[in-house]
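For reference, positions follow the sequence shown, starting with 1. Atoms considered below: every heavy atom in the structure, side chains included; atoms not considered: hydrogens, waters and symmetry mates.
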Amino acid sequence: MGINWRWRWWLLVLGVAVIVAKDAKAEEPLVTRIAFGSCANQSAPQPIWNAVIEFDPQLFIWLGDNIYGDIRRPFKLFGKERTIGPWKNVPRFVPSSEQEMESRYLKAKTNPGYSRLRQTAKVIGTWDDHDYGLNDAGKEFGRKVTNQRLLLDFLDEPQDSPRRKQDGVYASYTFGPMSRQIKIILLDTRYHRDPLRSDGSMLGISQWTWLEKELNGPKTAITIIGSSVQVISNLSATTGPLFYLESWGRFPKERNRLFKLILDSKREGIFFISGDVHFGEISRYDCATGYPLYDVTSSGLTQAVEKVVPSPLSFIVRVVAWLTPTTMRVMSKNCRFRSCTYGQPNFGAIEIDWSATPMTLKLEVRDVNGYPVTSVKFPLLELQSHSMNSTASSKVEHQRHCSLEVKLPWLVRYRLAILFYVTLAVLLLAVIGFLYAVISACRLCFCKRKLD
């Protein structure tokens, strides 16, 4: 009888412990505001942290280029070290030492604005090329093991974290109570990535296996997949051969594999967040999973395309963005500029209204003052497989965002390059005409003097 009593006692204690654990899980705070960003040069002013703090996020997500750790040589067409041109003899970007990387991380971490954010919000993140250690680098980069440790130190990752024992910094997190959970999946698009133009692997075997397990795991109301480079948009298909951007679109087989993995998992409520490109935009693709897949790109916190030109010439960047054809970008009257891209410093903002009927999701890119520059707002039900057939308007949107950039007619796809080369030809002809006129005038003047 004594033994039975002890067993009953321990079973009672165990049952109470399970109930307490479940209650503790249910009492986890509800997450309603998430901020994210990328491309923060530690040596540049960072006033944008004030706007991020004012947004009052419970979570902040780094999407890469959290520091600029590599060394950038200046553009040089002539001289001993030529970094551009067909006679280029040295790379423009070179890795910095471990000590220099540590110094740059320390400078970023002790920035007053970022330090204040860390006191009020949980910070997680992944990396991109410049904090990985070298511009546009992939699996061939030799210092990735050391730099992985430095990144995880910057993120205050515990010493016993699985991220410190694996090859790559990919990770997943779950926040919120059971019925309103948010799952964050952060990808590593550098450690295992094959060379650009190879159409090889983006994530590597081990990370693909891990990602499949994560997507097929317990369902959550929302799943956010963070990628350092854009997933939906493939502007390189329309900006080449003038310039190319890194994106999943440069690895079409891998992107198709990602979409199929999401479709096969039957997981709903998924959208992407990304960085890297030094401008902000929201893109969308409707032909992958049975519901719209959004990708909110925020780049960067300090680095932005309009900052590379004098302020009076910013309109040129905006005209180029407007002329760049894209089938993926979400166009809205609410955008600050007609192109629905934003080339000044920015951060991403996610707001979930769990109490609304139906629950709503707002995805935004915000400027240095915290004002939205492009945004979308929709019921969470839209990210379910049955949503595509709900209304006539949704069918129209479906058609608009169902054609990839690479399938555009060549005249539309390459209109930016055509315009550039035509403009260049006109300018060249104008210069030749001017020189011809000058030479003709000089000869006429010379002949007149000779006759006199």
Side-chain angles (χ1 to χ4, degrees), residues 63-64 126 128-129 132 135-140 168 170 185-212 214-215 225-265 267 270-277 279 281-297 299 324-330 398-417:
L63 288 172
T126 184
D128 198 33
D129 51 349
Y132 181 61
N135 182 57
D136 290 352
K139 68 179 184 181
E140 75 286 349
Y170 54 89
I185 297 175
L186 298 180
L187 303 178
D188 184 336
T189 62
R190 294 293 166 184
Y191 200 101
H192 302 280
R193 198 209 69 191
D194 285 327
L196 291 169
R197 301 179 186 272
S198 68
D199 199 10
S201 182
M202 191 76 159
L203 302 182
I205 297 173
S206 58
Q207 189 174 181
W208 272 117
T209 302
W210 167 84
L211 179 58
E212 182 176 6
E214 291 295 327
L215 290 174
I225 300 179
S227 167
S228 68
V229 295
Q230 290 184 299
V231 180
I232 302 297
S233 180
N234 181 21
L235 290 178
S236 291
T238 59
T239 58
L242 297 178
F243 59 90
Y244 295 92
L245 304 172
E246 291 188 278
S247 70
W248 279 76
R250 302 284 296 275
F251 295 81
K253 292 178 183 176
E254 289 288 89
R255 186 166 73 165
N256 289 339
R257 179 178 179 179
L258 176 63
F259 292 157
K260 187 176 186 303
L261 190 60
I262 293 173
L263 176 64
D264 291 345
S265 72
R267 195 177 191 94
I270 293 177
F271 64 91
F272 299 99
I273 55 177
S274 58
D276 176 64
V277 289
F279 62 84
E281 72 170 348
I282 299 175
S283 49
R284 165 178 170 168
Y285 186 42
D286 292 348
C287 294
T289 61
Y291 61 86
L293 281 177
Y294 287 93
D295 185 358
V296 188
T297 302
S299 176
T324 304
T326 175
T327 54
M328 301 290 102
R329 188 179 303 144
V330 175
H398 172 76
Q399 294 298 322
R400 183 184 303 173
H401 299 286
C402 206
S403 176
L404 299 174
E405 290 93 344
V406 293
K407 295 181 180 179
L408 287 169
W410 73 269
L411 195 61
V412 176
R413 181 177 171 186
Y414 295 114
R415 71 185 179 198
L416 199 64

Which side-chain N or O atoms in residues 234-241 pair as donor and acceptor under 3.5 Å with protein atoms at least two apart or in another chain?
unit_1: Ser236; atom_1: OG; unit_2: Leu245; atom_2: N; d: 2.6
unit_1: Ser236; atom_1: OG; unit_2: Leu245; atom_2: O; d: 2.6
unit_1: Thr238; atom_1: OG1; unit_2: Leu235; atom_2: O; d: 3.0
unit_1: Thr238; atom_1: OG1; unit_2: Pro325; atom_2: O; d: 3.3
unit_1: Thr239; atom_1: OG1; unit_2: Leu235; atom_2: O; d: 3.1
unit_1: Thr239; atom_1: OG1; unit_2: Phe243; atom_2: O; d: 2.8

Would you compute the distance between atom [atom1] of [X] and atom [atom2] of [Y] and round it to the nearest 0.5 angstrom?
X: Ile225; Y: Glu214; atom1: CD1; atom2: CD; value: 10.5 Å
X: Cys402; Y: Met328; atom1: SG; atom2: CE; value: 7.5 Å
X: Asp276; Y: Asp129; atom1: CG; atom2: CG; value: 6.0 Å
X: Ser198; Y: Glu254; atom1: OG; atom2: CD; value: 9.0 Å
X: Asn256; Y: Leu263; atom1: CG; atom2: CG; value: 12.0 Å

State whether the side chain of [X] and the backbone N or O of [Y] hold a donor-acceptor pair below 3.5 Å, judged by distance alone.
X: Ser228; Y: Thr189; value: no
X: Asp295; Y: Ile232; value: yes
X: Asp286; Y: His401; value: no
X: Gln207; Y: Asp188; value: yes
X: Arg267; Y: Leu215; value: yes
X: Tyr294; Y: Ile282; value: no

List the residues meeting ring pair (Phe, Tyr, Trp, His ring centres under 6.0 Å) with Phe279, not counting sequence neighbours, and say none if there are none.
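Counting only residues at least two positions away or on another chain, Phe279 forms no ring pair (Phe, Tyr, Trp, His ring centres under 6.0 Å).
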With the side chain counted from C-beta on, respond yes when [X] and [Y] share a heavy-atom pair under 4.5 Å apart, and no when they do not.
X: Trp208; Y: His192; answer: no
X: Leu293; Y: Tyr291; answer: yes
X: Glu281; Y: Thr326; answer: no
X: Arg197; Y: Tyr244; answer: yes
X: Phe251; Y: Leu258; answer: no
X: Leu187; Y: Tyr170; answer: no

Closest heavy-atom contact between [X] and [Y]?
X: Arg415; Y: Thr324; result: NH2-C, 4.2 Å
X: Ile185; Y: Leu211; result: CG2-CD1, 3.8 Å
X: Thr297; Y: Ser274; result: OG1-OG, 2.8 Å

What pairs meet the salt bridge (charged side-chain N to carboxylate O under 4.0 Å, His left out) rule with one or both residues in residues 225-253, with sequence neighbours excluded?
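Only Arg190-Glu246, Arg193-Glu246 qualify under salt bridge (charged side-chain N to carboxylate O under 4.0 Å, His left out).
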I'd like to check the side chain to side chain donor-acceptor pair (under 3.5 Å) partners of Ser227; sequence neighbours left out, ordered by chain and number.
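With sequence neighbours excluded, Ser227 shows a side chain to side chain donor-acceptor pair (under 3.5 Å) to Trp248, given in chain and number order.
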Please list, chain by chain and in numerical order, all residues satisfying salt bridge (Lys or Arg N to Asp or Glu O under 4.0 Å) with Asp199, sequence neighbours excluded.
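Once residues adjacent in sequence are excluded, Asp199 has no partner under the salt bridge (Lys or Arg N to Asp or Glu O under 4.0 Å) criterion.
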Got a sec, which residues hit salt bridge (Lys or Arg N to Asp or Glu O under 4.0 Å) with Asp194, two or more places apart in sequence or on another chain?
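Scan of Asp194 (salt bridge (Lys or Arg N to Asp or Glu O under 4.0 Å), adjacent residues dropped) gives Lys139.
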Should Met202 and Val229 be marked as a side-chain contact (heavy atoms from CB on, under 4.5 Å) after you check the CA-CA gap, both sets of side-chain angles, and the distance that decides it?
CA-CA 11 Å; Met202 191 76 159; Val229 295; 3.5 Å; yes
